[in-house]
Amino acid sequence: MKNILLGVTGGIAAYKSAGIISLLKKKGYNVKVIMTKNSTQIITPLTLETLSKNKVYVDMWDTNSHYEVEHISLADWADIILIAPATFNIIGKVANGIADDMLSTVLSAVSVRKPVFFALAMNVNMYENPILLENIKKLKSYGYKFIDADEGLLACDYVGKGKMKSELEIVEELEKFYILSRIASSPKMLKGKKILITSGRTKENIDPVRYLSNNSSGKMGYSLSQAAIDFGAEVILISGPTNLKIPNDLKEFIQVESALEMYEAVKRKFKDIDIFISCAAVADYRPKEYQNKKIKKSDSDLVIELVRNPDILFEMGKIKSKEQILIGFAAETNDIKENALKKLEKKNLDLIVANDASTMSSETAGVEIIGKNNFSKKLESKNKLEIAYEIIKEITDFIYKGTI
């Protein structure tokens, strides 16, 4: 279990701290909270104590405190420190070595080796103040990490940048850091590599209101894209329809709908990439004819003639260079490994990731990575983000260590 120390300051976004704690606890993290006195005017310590199941610290001179020196013991206890919201004031204090309350004193006692995240939240004019920008630059040079603010309507009725990220996005940032630091010996193992990833489902339109598709959510492909970015790669994501947030720091995002559109997009980009990961659930067939008007119900059966779509991965396997690496996915309902091995050979792949098709819309998945020369590695069921990081780690081993 990872120990996370949450610092809550007096920005209006302090109310979001309750949601952050709730999400972290559901994911199995142990959470302790330090609040500034100003933040207690926005949300009560009792609320955060109830959610965290731990004492909330506010006053340096609390007469009910434990025997240890708490600003030191809390700094030692934490594996990760998150300040949310991170206001102009707290950033200025830390950047200039001011320790005049419980939170700033604890931050001054945190080892430089421990990750400290600031989730920015403030008025847009404060956000654009050159003093803040200089303080952030200074803190980044010391290794402090920042979760940038969003643009939107702020509590002060201004519209601009300064809105704190959602609770889910903040927790995802912490999770990504934790996973990456656990499994990667170097945080930029794929620096200089160009990776093309396809994700999501495709839609094959029958008429203006009906189409053929499947249950793929796109979560695995999007997670792989974020993992590859965090490993240092330049990533192009070609995606069918999803409801997912576009990964941070993508080199390029290409939205498509049909299998033919995805095929054409992959062909355009393929020659310039080092690694192609085909994770999309592409329709094998499409209607031979598209009806411009809605097909009306009749008393007889409806017959739709289907024709084959291009097999994107098979076509890329025919033209790939010796230097390019091709990775496919095999979502199967039966004989999973046997069917995956057939695809590995037929499509001229370097690796294939086999999984049970029943996990297509779920939050978790277990997979088996299969390569040539009888290589096989099973990854136990985890959330798709963590599985994605482990898959990317195996790909880096394939490139640099020859373990596959």
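Residues: numbered from 1 along the sequence shown.
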Locate the shortest heavy-atom distance separating [X] from [Y]; write the atom from each residue and the value.
X      : Y      : answer
Asn214 : Ala281 : ND2-O, 3.1 Å
Ile327 : Leu313 : O-CD1, 4.4 Å
Thr9   : Pro85  : OG1-O, 2.5 Å
Glu204 : Ala259 : OE2-N, 2.9 Å
Ala95  : Lys138 : O-NZ, 2.7 Å
Leu250 : Val235 : CD2-O, 3.5 Å

Under 4.5 Å between any side-chain heavy atoms of [X] and [Y], yes or no?
X      : Y      : value
Phe231 : Ile195 : no
Tyr29  : Tyr178 : yes
Leu120 : Met122 : yes
Asp79  : Lys114 : no
Asn125 : Asn129 : no
Ile81  : Ile83  : yes
Ile43  : Met35  : yes
Val33  : Tyr57  : no

Just checking [X]: does its [atom1] atom have more than 12 heavy atoms from other residues, nucleotides or ligands closer to it than 6.0 angstrom?
X      : atom1 : answer
Lys194 : NZ    : no
Lys163 : NZ    : no
Glu289 : CD    : no

Gap between atom [atom2] of [Y] and atom [atom1] of [X] - 0.5 Å precision:
X      : Y      : atom1 : atom2 : answer
Leu196 : Ile254 : CG    : CD1   : 7.5 Å
Leu326 : Lys318 : CG    : NZ    : 13.0 Å
Leu103 : Asn38  : CG    : CG    : 11.5 Å
Ile21  : Lys26  : CD1   : NZ    : 13.0 Å

Any luck finding a side-chain donor-acceptor pair between [X] and [Y] under 3.5 Å?
X      : Y      : result
Asn309 : Arg286 : yes
Ser223 : Gln226 : no
Thr47  : Thr44  : yes

Should [X] and [Y] count as an ion pair when the cut-off is N to O under 4.0 Å?
X      : Y      : value
Glu386 : Arg182 : yes
Asp335 : Lys342 : no
Glu332 : Lys343 : yes
Asp311 : Lys347 : yes
Glu172 : Lys176 : no
Lys137 : Glu134 : no

CA sep, side-chain torsions, deciding dist, call: Val56, Ile34, side-chain contact (heavy atoms from CB on, under 4.5 Å): CA-CA 6 Å; Val56 169; Ile34 301 173; over 6 Å; no
Tell me which pairs pass side-chain hydrogen bond (donor to acceptor under 3.5 Å, both in side chains) where either residue lies in residues 242-262, with sequence neighbours left out.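 Matches after skipping sequence neighbours: Glu173-Asn248, Asn205-Glu257, Tyr222-Thr242, Glu234-Lys251, Lys245-Asn248, Glu252-Lys269.
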Would the distance check show the side chain of [X] and the main-chain N or O of [Y] forming a donor-acceptor pair, the cut-off being under 3.5 Å?
X      : Y      : result
Ser104 : Asp100 : yes
Glu394 : Ile391 : no
Asp207 : Ile295 : yes

Applying side-chain contact (heavy atoms from CB on, under 4.5 Å), run through Leu6 and Val8 and close with a yes or a no. CA-CA 6 Å; Leu6 173 63; Val8 184; 3.9 Å; yes
So Ile179 and Asp230, side-chain contact (heavy atoms from CB on, under 4.5 Å) or not? Walk me through it. CA-CA 11 Å; Ile179 295 167; Asp230 291 341; over 6 Å; no
Reference residue Glu368; test side-chain hydrogen bond (donor to acceptor under 3.5 Å, both in side chains); the match among Lys378, Lys337, Lys377: Lys337
Which is it for Asp148 and Tyr127 under the side chain to side chain donor-acceptor pair (under 3.5 Å) test, yes or no, and what are the steps along the way? CA-CA 10 Å; Asp148 205 3; Tyr127 186 87; 2.3 Å; yes
Enumerate the residue pairs fulfilling ring pair (Phe, Tyr, Trp, His ring centres under 6.0 Å) with a member in residues 100-125, sequence neighbours excluded, ordered by first and then second residue. Phe117-Phe177, Phe118-Tyr144, Phe118-Phe146
For side-chain contact (heavy atoms from CB on, under 4.5 Å), just list the numbers for Thr333 and Asp356, CA-CA rounded to whole Å, side-chain angles, deciding distance to a tenth of an Å, and then say yes or no. CA-CA 6 Å; Thr333 59; Asp356 192 315; 5.7 Å; no
Could you point out which residue of Ile197, Ile277, Ile246 forms a side chain to side chain contact (heavy atoms under 4.5 Å, CB included) with Ser225?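 Output: one option passes, namely Ile197.
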